[in-house]
Undergrad: 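Got a structure for you, questions after.
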Amino acid sequence: MRRSQSLVPTLREDPADAEALSHKLMLRAGLIRQLGAGIYLFLPLGQRVLDKVNAIIREEMNAIGGQEITMPVIHPAEIWKQSGRWEGIPEMFKLQDRYGRDLCLGMTHEEVVAWLAAREIRSYRDLPQIWYQIQTKERDEARPRSGVLRTREFLMKDSYTLDPDVAALDRSYGAHDRAYRRIFDRCGLRYWVVQSDTGMMGGLGSHEFMAPAAAGEDEIAICEGCGYAANVEIARGVPAPPAFPAWTREEVATPGARTIAEVSRLLAIDPRLTIKSLLYIGKTSGPVLVLVRGDHALHERKLARALGQEVRPAHPDEVRQHLGAPAGSVGPVGARVTVLADEHLKDGVYVVGANRDGFHLRGVAPGRDFDCRFADLHTVTAGEACVQCGKPLVVEKAIEIGNIFKLGTKYSVALDAMYLDESGREQPIVMGSYGIGPARIAAAAIEQLADGDGIVWPWSIAPLHVYIVCVNVKDQAQRAAAEAIYDACRTHGLEAMLDDRDERPGVKFKDADLLGIPVRVTVGNSLVKEGVVEVRSRKTRQESRVPQDKVIDAVHAIRATESRN
RNA sequence: CGGGGUGUGGCGCAGCCCGGUAGCGCACCUGCUUUGGGAGCAGGGGGUCGGAGGUUCAAAUCCUCUCACCCCGACCA
């Protein structure tokens, strides 16, 4: 590519509406432009990065027997009605054709896969199968954000496995796990494989691939001792217990104290000696009083999982109606609703709301002073002990770059995707589904590797390998040498950008740093005076001066030390 | 969906409180000089001030409605 003729619109300043580092840099480096909320164009260099990522994905998917196909973006409503997902997904874009027939834009493709399988898979001899595509998904996200990290239209590699039984599904799942690790390793990312919530959609198990980054939307808990890693949606930890005083049960006046902080300050006690009582309304069960330790936060998904239904916080008037006291003074003793407590409240004595405005009860022991069910409900915080080995947990923000999911037979049963087993019996196909977000890989790489001057691409997914700066394009000797190096790169399999613009050197150097292409070759004065050019690593910033005919060797040498493949 | 914020030339912003007919930096065009870390001088082009309505002699500025985008939360199959 010649810079003078390429669409690489770099920006000198941070765009006003970008917050995340990767968002700013992708805009500034001219990789993307925004058309609307969560709708992006990929410009030439951004496209090249996606191409690199997708090539790696294809290689590794093909290596485990994946077969690439392309499924439609427009789906007839019928298959979604059959699976039961036509209603109740607010993210689904729905539309009608000119005859008024209902259609939707594909946000995922389990239905289409099951439809295909229902028609083409008949015998156990046809199994297993791995089908995948790299294709556009459409989701009407409630809140698109952070540039390319959560968008309404995005590229996804989605694959689907078809197996005769759960044991075979486990093998397909394992193959994906290994392929994903190779993919993310090759893309130069630091990541964790974490246990994740299978959600309301059910399923037999799932894992997420999480790349730690400040812009990440998810939080993961990690044990550096034993390798335990889980999304905080399900992560368990053992909080350090406080020293319990020898309290006897009594009512204490706490005028005006509503929050845990106020109550513990008033009573001059450790907040860990209090219990936070929260009234929730279950979709089917009605009111439930939920208890967590005063210093803990309830994780609503954990609550929903424990109850097996969706929940919402009660309104203030509902709190008064069910408990006879305002929020801030409520507690489990004498409450006429179901009580669910965090499992770490089993032992000890606490201060709880008295269900009487301005009063709390001191010395209350869960199980003794009130009945309740125990479950893991609190959000893990950094420093809690690992449930497996006892070492302190670390909590990090992370970008979900991939997920693998054991679906089971939900879709095959719904869409009648059956096969005949060895004994001639009809059985539902056992499915799995697996996703990777190529743009998220690019953003995660930027987040993890960028420095103060811009992007630092790993070799494997860099849009180009070499950035050639011709310091003064009006100097014929420089110009000729730069062109010769540019040609040499091409003949030696190196992808190069020749910055042939008539700009000040500083402009070109700043741009080279911003773009993050692994090697910069500078053709300038030292060529004229000493016959050498400079070859510089973007990552290490180390520079060597080499004769013009040794440039390719020097580039390969840097690549050999910095690249994993 | 709840809360907060922002819309002024391609980009980043000032002007708005206190109404008087739009300005700065960068970018862009022309010329000259300059060429190793975002050059200098001179000249020049480009803006329905997000949109609609209203108040007023007069609206970027005040009022009402509306649209778009960003951030926090909820949601995220």
Undergrad: Grab the NE2-P distance between His23(A) and C69(B) for me, whole Å please.
TA: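 Atom NE2 in His23(A) sits about 13 Å away from atom P in C69(B).
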Undergrad: Both distances below 3.5 Å, Watson-Crick or wobble geometry, any strand: find the nucleotide opposite G7(B).
TA: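 Here G7(B) is engaged in a pair, and the nucleotide opposite it is C67(B).
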Undergrad: Whole angstroms only, please: what is the CD-P distance between Gln34(A) and G10(B)?
TA: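 For the pair Gln34(A) CD and G10(B) P, the rounded distance is 17 Å.
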Undergrad: Between Glu534(A) and Arg545(A), is there a salt bridge with N-O shorter than 4.0 Å?
TA: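 Glu534(A) and Arg545(A): salt-bridged.
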Undergrad: So that I can tick it off, tell me whether Lys397(A) and Glu447(A) are bridged by a salt bridge, with the cut-off set at under 4.0 angstrom between side-chain N and carboxylate O.
TA: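 No, this pair does not count.
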Undergrad: In whole angstrom, what separates Met210(A)'s CE from C76(B)'s C1'?
TA: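 After rounding, the reported distance stands at 12 Å.
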Undergrad: Would you measure the distance from the C1' atom in C57(B) across to the matching atom in C71(B) and give it in whole Å?
TA: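 It works out to 43 Å between them.
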Undergrad: Quote, to the nearest angstrom, the P distance that separates G46(B) from C29(B).
TA: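 About 16 Å, rounded to a whole number of Å.
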Undergrad: Using a strict threshold of under 4.0 Å (side-chain N to carboxylate O), is an ion pair present between Glu400(A) and Arg150(A)?
TA: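 Here Arg150(A) does not pair with Glu400(A) in a salt bridge, since their nearest N and O are not under 4.0 Å apart.
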Undergrad: Do the numbers put Lys94(A) on top of the ring of Trp86(A), so that NZ or CZ is under 6.0 Å from the six-membered ring centre and no more than 45° off the axis?
TA: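 Flagged: Lys94(A) positioned over aromatic ring of Trp86(A).
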Undergrad: Suppose you measure atom C1' in G4(B) against the same atom in G47(B); what distance do you get, rounded to whole Å?
TA: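 Straight-line distance between the two C1' atoms is 29 Å.
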Undergrad: Would the base of C76(B) count as contacting Arg150(A) through its side chain, where contact means a donor and an acceptor less than 3.5 Å apart?
TA: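 For Arg150(A), whose side chain was compared with the base of C76(B), there is a donor-acceptor pair (under 3.5 Å).
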Undergrad: Counting only side-chain heavy atoms from C-beta out, which of C72(B), A77(B), C69(B) sits nearest to Ile89(A)?
TA: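 Closest of the options to the side chain of Ile89(A): A77(B).
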Undergrad: Are any of Arg143(A)'s side-chain N or O atoms less than 4.0 Å away from OP1 or OP2 of C72(B)?
TA: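 For C72(B), OP1/OP2 do have a side-chain N/O of Arg143(A) under 4.0 Å.
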Undergrad: Using the P atoms only, state how far A14(B) lies from G9(B), rounded to an integer number of Å.
TA: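 Comparing P positions in G9(B) and A14(B) gives a spacing of 13 Å.
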Undergrad: Which is true for Ser206(A) with a 4.0 Å heavy-atom rule: it touches a base, it touches only sugar-phosphate, or it touches nothing?
TA: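 Since no nucleic acid heavy atom lies under 4.0 Å of Ser206(A), the category is nothing.
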Undergrad: Judged by each residue's nearest nucleotide on RNA chain B, which is more toward the 5′ side, Ala18(A) or Glu400(A)?
TA: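 Mapping each residue to its closest nucleotide by heavy atoms, the 5'-most match is Ala18(A).
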Undergrad: Using purine N1 to pyrimidine N3 plus N6-O4 or O6-N4 for Watson-Crick, or N1-O2 and O6-N3 for G-U wobble, each under 3.5 Å, what pairs with C41(B)?
TA: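 The answer is G31(B), by the H-bond criterion.
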Undergrad: Can you tell me the distance, in whole Å, between the CG atom of Asn231(A) and the C1' atom of C76(B)?
TA: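 The answer, rounded to whole Å, is 12 Å.
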Undergrad: Could you tell me if the side chain of Val193(A) sits less than 4.5 Å from the side chain of Glu208(A), heavy atoms only?
TA: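 Sidechains of Val193(A) and Glu208(A): no contact.
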Undergrad: Reading nucleotides 28-38 of chain B 5' to 3', which nucleotides get B (base under 4.0 Å from a protein heavy atom), which S (sugar-phosphate only), which -?
TA: ------BBBBB
Undergrad: Using a 4.0 Å heavy-atom cut-off, does Ala16(A) contact any base of the nucleic acid, only the sugar-phosphate backbone, or nothing at all?
TA: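 Since only primed, P, OP1 and OP2 atoms lie under 4.0 Å of Ala16(A), the category is sugar-phosphate.
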Undergrad: Find the partner of G20(B): check Watson-Crick (N1-N3 plus N6-O4 or O6-N4) and G-U wobble (N1-O2, O6-N3) distances, both under 3.5 Å, and reply none if neither fits.
TA: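 Because both required distances fall under 3.5 Å, G20(B) counts as paired with C57(B).
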Undergrad: Rounded to whole angstroms, how far apart are NZ on Lys24(A) and C1' on C71(B)?
TA: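 Taking atom C1' of C71(B) as the reference, NZ of Lys24(A) is at 12 Å.
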Undergrad: What I want to find out is whether Asp170(A) reaches Lys406(A) closely enough, with some N-O distance under 4.0 Å, to be called a salt bridge.
TA: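 Result for this pair is yes, salt bridge flagged.
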Undergrad: Provide the distance between the two P atoms, one in U35(B) and one in G23(B), to the nearest whole Å.
TA: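 The answer is 36 Å between these two P atoms.
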Undergrad: Expressed in whole Å, how much space separates the C1' atoms belonging to U33(B) and G19(B)?
TA: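 These two C1' atoms come out 47 Å apart once rounded.
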Undergrad: Between U61(B) and G51(B), how far apart are the P atoms? Round to whole Å, please.
TA: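 It comes out at 10 Å once rounded to the nearest Å.
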Undergrad: Does the distance from a Lys or Arg side-chain N to an Asp or Glu carboxylate O, for Glu138(A) and Arg152(A), drop under 4.0 Å?
TA: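 Salt bridge: no.
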Undergrad: Before accepting this row, confirm whether a basic side-chain N of the pair Asp197(A)/Arg305(A) lies closer than 4.0 Å to the acidic partner's carboxylate O.
TA: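 A salt bridge links Asp197(A) with Arg305(A).
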Undergrad: Taking the nucleotide of RNA chain B with the closest heavy atom to each, which residue, Ser146(A) or Pro15(A), is nearer the 5' end?
TA: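 Of the two residues, Pro15(A) wins.
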Undergrad: Just the rounded figure in Å: distance from P of A74(B) to CD of Glu141(A).
TA: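 Going from CD in Glu141(A) over to P in A74(B) covers 15 Å.
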Undergrad: Could you tell me how far apart Leu149(A) (CG) and C70(B) (P) are, to the nearest whole angstrom?
TA: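 Distance, rounded to whole Å: 13 Å.
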Undergrad: What is the separation between atom CG on Asp218(A) and atom P on A74(B), rounded to the nearest whole Å?
TA: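 Roughly 12 Å, once rounded to whole Å.
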Undergrad: Charged N to carboxylate O below 4.0 Å: is that the case for Asp158(A) and Lys137(A)?
TA: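 Salt bridge: yes.
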Undergrad: Closer than 4.0 Å, any side-chain N/O of Arg145(A) to the OP1 or OP2 of C76(B)?
TA: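 So the side chain of Arg145(A) is outside the cut-off, no N or O lying under 4.0 Å from OP1 or OP2 of C76(B).
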Undergrad: Would you mind pulling out the nucleotide paired to G73(B), Watson-Crick or G-U wobble, both distances under 3.5 Å?
TA: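 Matched G73(B) with C1(B) under the 3.5 Å cut-off.
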Undergrad: Between C26(B) and A22(B), how far is it from one P atom to the other, in whole Å?
TA: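 The answer is 23 Å between these two P atoms.
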